[in-house]
Novice: 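The following block contains the structure, expressed as structure tokens.
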Amino acid sequence: MLRLILITVFAGLLASCASAGRKTDLNILEINSLSNAKSGSAQFQGLEFLADALPGEIKNRVNIFYVHGIGWTENPAGDPLANDFIAGVANAYGLKNYASGIESLCGENGQAREKAKGREGEFVYITPNGETRFQTALSGSRLKIDRLVCMDKHVLPVNDVIEFVVYRVFWDDLFWNALQLPHVGQDDDVGSSKAFAGLRRKYNRRLKDELVNYGFSDAVMYLGPAGTELRRAIQGAMCSAALDSSGYEFAKQGHELTYGDACNLASWKTLETNQFAFVTESLGSKIVFDVMQDSLTDGQDNIIDEMIAGSEFYMLANQIALLSLNDLTAVPRAPVKQLTGKDRPKIIAMSEVNDFLTYELIPFYEQLWKRSERRVEIAPNIFESAPAGDRADSAQARAAMVEAIGWDIIDMRLEFADKMIPMVDGLVDPLQAHGGHMSEPELVLYLLCGAEAAKLKSGGCLAKETSYDD
């Protein structure tokens, strides 16, 4: 099985050349809702319809909190984080080549640092509350991390009526340099280890870096104590974004602030913000989801709860099912705060069926429901365990799952990855299946315009009325 996976990924490395001219049309196989098992009932608003105006303002705005997944997202040879997303949105409104000039001020390489000089008020670093060190496998040796995430902001003004504000969160280089490089950096194809990596055959070398050194190592690190700090940093970034969107800009917050200071400051101020939405890739989906669940189960009302209320959370590939294996615990979980009516948040999971890293969410929760025991209250404060085997498709069961999760869930089952070898139907590009969502113009329209009765909304959406690039 491992051999088959490696061969498949290897083929993916060659796909950009092999698939030229054989573009696969987007096929939306199903759009399903957890709250309603009835076929054709799924619906969500879309980013355009989340946008609102603050009192005294005319322009509608939606704030988008964007977090990346595994991989070297700050690779100087690659596109900056979220460029595919911003380009996809811009193209939907006929703003051709808009994303080509977008740069990151958060990069840790020398070129990025040079660009950032004198522009410190345009981005912010979230740091630990105090000195943070982790014990290592070498007894007596510790690793220190000073900065956890960097966040910048990009405004995409569509027209005089609506604009999108994207808060981009970068964490890969900071955690890599502090924690991962001392573990696996002696083996990658960069810097002083290039000579050793050069002993490998070309594609074995690329696979080791892209799949393991800059891929699996992110997930493994996240599942340990370092993941706790990363979640706290994302929490701090959310508080900082709320502050900025309410008019307390990055420059006022300071170029660096701890996650504790960011959220304390947000709790002391009365913040009026436009509606937030969340867009994540891959591992970023699990990270942000964990942060939100922590906030909704801590028994307190805070700014993150307010950001979640009424929001939509678009997951471009996710590993919630797989990584939730790490969440198994013998301790009962706190109940999730219930946001009802129009405040009930919604997850829209966009999953390509050929992506071997992605798991659809509704089948996952249905499987848990059918195969797990549940505590049933038989009298006030008296519980007993009900056996597994309950049907998951009843209205009562689905309502109970939504209540337990705190979110309604929409699964979009997709197929868009291109064939890799002419005339061979049994193999498509796995890397495109995992990360190519925003290159599909019709899928971008769903993200912007939403769905009604499990179909793209038919009217009232500016993006649908505007020509876009294929």
Side-chain angles (χ1 to χ4, degrees), residues 44-66 82-103 105 119 121-124 151-169 237-253 266 269-279 303-304 306-314 342-343 345-346 348 438 441 444-452 456-469:
F44 58 93
Q45 293 189 72
L47 290 173
E48 263 199 35
F49 295 93
L50 288 174
D52 57 11
L54 294 179
E57 294 186 355
I58 299 176
K59 180 172 286 191
N60 290 309
R61 168 188 289 185
V62 60
N63 300 306
I64 302 166
F65 190 81
Y66 195 103
N83 260 38
D84 285 347
F85 170 74
I86 295 173
V89 173
N91 283 343
Y93 295 102
L95 305 174
K96 299 179 180 180
N97 302 317
Y98 187 86
S100 60
I102 297 173
E103 58 190 19
L105 301 178
R119 301 174 65 181
E122 299 178 34
F123 62 106
V124 63
M151 179 171 66
D152 68 7
K153 178 177 74 172
H154 180 78
V155 180
L156 198 165
V158 175
N159 57 24
D160 292 337
V161 177
I162 188 171
E163 68 181 11
F164 300 98
V165 180
V166 183
Y167 292 94
R168 305 187 297 177
V169 178
M238 291 174 70
C239 292
S240 176
L243 285 164
D244 179 85
S245 67
S246 71
Y248 197 78
E249 295 91 351
F250 292 157
K252 296 178 182 177
Q253 297 176 38
K269 289 183 172 292
T270 300
L271 304 183
E272 277 192 308
T273 72
N274 297 93
Q275 178 65 57
F276 269 84
F278 303 87
V279 180
I303 186 60
I304 294 179
E306 294 177 19
M307 295 168 73
I308 295 171
S311 69
E312 292 187 341
F313 183 173
Y314 305 88
K342 64 181 180 62
D343 285 338
K346 188 169 289 188
I348 298 91
M438 295 306 298
V444 175
L445 286 182
Y446 271 92
L447 191 147
L448 293 171
C449 300
E452 203 166 52
L456 182 65
K457 280 184 184 174
S458 58
C461 182
L462 178 63
K464 193 175 180 187
E465 298 167 1
T466 310
S467 62
Y468 56 84
D469 250 345

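Small disclaimer: the values here were computed from a predicted structure and weren't measured.
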Novice: Using atom types as modelled and distance alone, determine if a side-chain donor or acceptor of Asn91 lies under 3.5 Å from a backbone N or O of Lys96.
Specialist: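 Side chain of Asn91 to backbone of Lys96, a donor-acceptor pair under 3.5 Å: no, none is there.
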Novice: Which atom names give the shortest non-hydrogen contact between Gly450 and Leu456, and what distance separates them?
Specialist: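 Looking at all heavy atoms of both residues, the shortest contact is O-CD1, 3.6 Å.
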Novice: Just by modelled atom types, is the Ala237 backbone N or O under 3.5 Å from a matching donor or acceptor in the Ser240 side chain?
Specialist: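 Such a contact is absent between Ser240 side chain and Ala237 backbone.
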Novice: Under a 3.5 Å distance rule, please check whether Asp84 uses its side chain to pair with a backbone N or O of Met438 as donor and acceptor.
Specialist: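 Between the backbone of Met438 and the side chain of Asp84 there is no qualifying donor-acceptor contact (under 3.5 Å).
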Novice: Angle class for the Phe164/Tyr93 ring planes (parallel below 30°, perpendicular above 60°, tilted otherwise)?
Specialist: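 Plane angle between 30° and 60°, so tilted.
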Novice: Nearest 0.5 Å please: distance from the OH atom of Tyr314 over to the CD1 atom of Ile348.
Specialist: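 The distance works out to 4.5 Å.
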Novice: Could you pull out the closest heavy-atom pair between Cys449 and Phe49, with the gap in Å?
Specialist: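 Shortest heavy-atom contact: O-CE1, 3.4 Å.
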Novice: Return the minimal non-hydrogen interatomic distance between Ile303 and Ala242, and the atom names on each side.
Specialist: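 Heavy-atom minimum between the residues: CG1-CB, 3.7 Å.
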Novice: Run the numbers on Lys346 and Glu312 for salt bridge (charged side-chain N to carboxylate O under 4.0 Å, His left out), then give the verdict.
Specialist: CA-CA 5 Å; Lys346 188 169 289 188; Glu312 292 187 341; 5.4 Å; no
Novice: Any donor and acceptor pair, going by atom type alone, linking the side chain of Asp52 with main-chain N or O of Asn274 inside 3.5 Å?
Specialist: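 Judged by distance alone, no pair lies under 3.5 Å.
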Novice: To the nearest 0.5 Å, what is the distance between CZ (Phe85) and NE2 (His154)?
Specialist: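 Result: 10.5 Å between the selected atoms.
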Novice: Tell me if a side-chain donor or acceptor on Glu48 pairs with a main-chain N or O of Ala463 at a distance below 3.5 Å.
Specialist: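 Yes.
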Novice: Does a side-chain heavy-atom distance below 4.5 Å link Ser311 with Phe278?
Specialist: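 Touching, per the 4.5 Å side-chain cut-off.
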Novice: Which heavy-atom pair separates Leu47 from Ala277 by the least distance, and what is that distance?
Specialist: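 Reported closest heavy-atom pair: CD2-CB, 3.5 Å.
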Novice: Once rounded to the nearest 0.5 Å, what's the spacing between atom CG of Asp343 and atom CD of Glu306?
Specialist: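 Spacing of CG (Asp343) from CD (Glu306) equals 10.5 Å.
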Novice: Without swapping roles, check the side chain of Lys457 against the backbone of Gln45 for a donor-acceptor pair under 3.5 Å.
Specialist: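 Judged by distance alone, yes, a pair lies under 3.5 Å.
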Novice: For the CD1 atom of Ile64 and the CD atom of Gln275, what is their distance to the nearest 0.5 Å?
Specialist: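 These two atoms lie 11.5 Å from each other.
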Novice: Mind checking the CZ-CE spacing from Phe65 to Met151? Nearest 0.5 Å is all I need.
Specialist: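 Going from the CZ atom of Phe65 to the CE atom of Met151 covers 6.0 Å.
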Novice: Kindly give the heavy-atom pair with the smallest separation between Ala92 and Leu445, and that separation in Å.
Specialist: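 What the structure gives for the nearest pair is CB-CD2, 4.5 Å.
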Novice: Is Gln253 reaching over with its side chain to a backbone N or O of Tyr248, donor-acceptor style, under 3.5 angstrom?
Specialist: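 Here the side-chain-to-backbone pair exists.
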Novice: To the nearest 0.5 Å, tell me how far Leu462 CG sits from Ile162 CD1.
Specialist: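 The CG atom of Leu462 sits 7.0 Å away from the CD1 atom of Ile162.
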Novice: Closer than 3.5 angstrom, by distance alone: can the side chain of Asn83 be matched with the main-chain N or O of Ile86 as a donor-acceptor pair?
Specialist: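 No; zero donor-acceptor contacts below 3.5 Å.
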Novice: Evaluate the side-chain proximity of Val124 to Asp244: yes if any heavy-atom separation is below 4.5 Å, no if none is.
Specialist: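 Result no, sub-4.5 Å side-chain heavy-atom pair not found.
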Novice: Any sub-3.5 Å donor-acceptor pair from Glu122's side-chain atoms to Asp152's backbone N or O?
Specialist: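 The answer is no, because no donor-acceptor pair under 3.5 Å joins these two groups.
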Novice: Take Leu156 and Leu95 through the test side-chain contact (heavy atoms from CB on, under 4.5 Å) and record every step on the way to the result.
Specialist: CA-CA 10 Å; Leu156 198 165; Leu95 305 174; 3.9 Å; yes
Novice: For Val161 and Asn159, which heavy atoms make the closest approach, and how far apart are they?
Specialist: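 Val161 and Asn159 have their closest heavy atoms at N-OD1, 2.8 Å.
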Novice: Tell me whether the rings of Phe250 and Tyr167 are parallel (<30°), tilted (30 to 60°) or perpendicular (>60°).
Specialist: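 It falls in the perpendicular class, over 60°.
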Novice: Please identify which of these residues, Glu249, Lys252, Met238, Lys269, meets the side chain to side chain contact (heavy atoms under 4.5 Å, CB included) condition with Leu243.
Specialist: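 Of the listed options, the one satisfying the test is Lys269.
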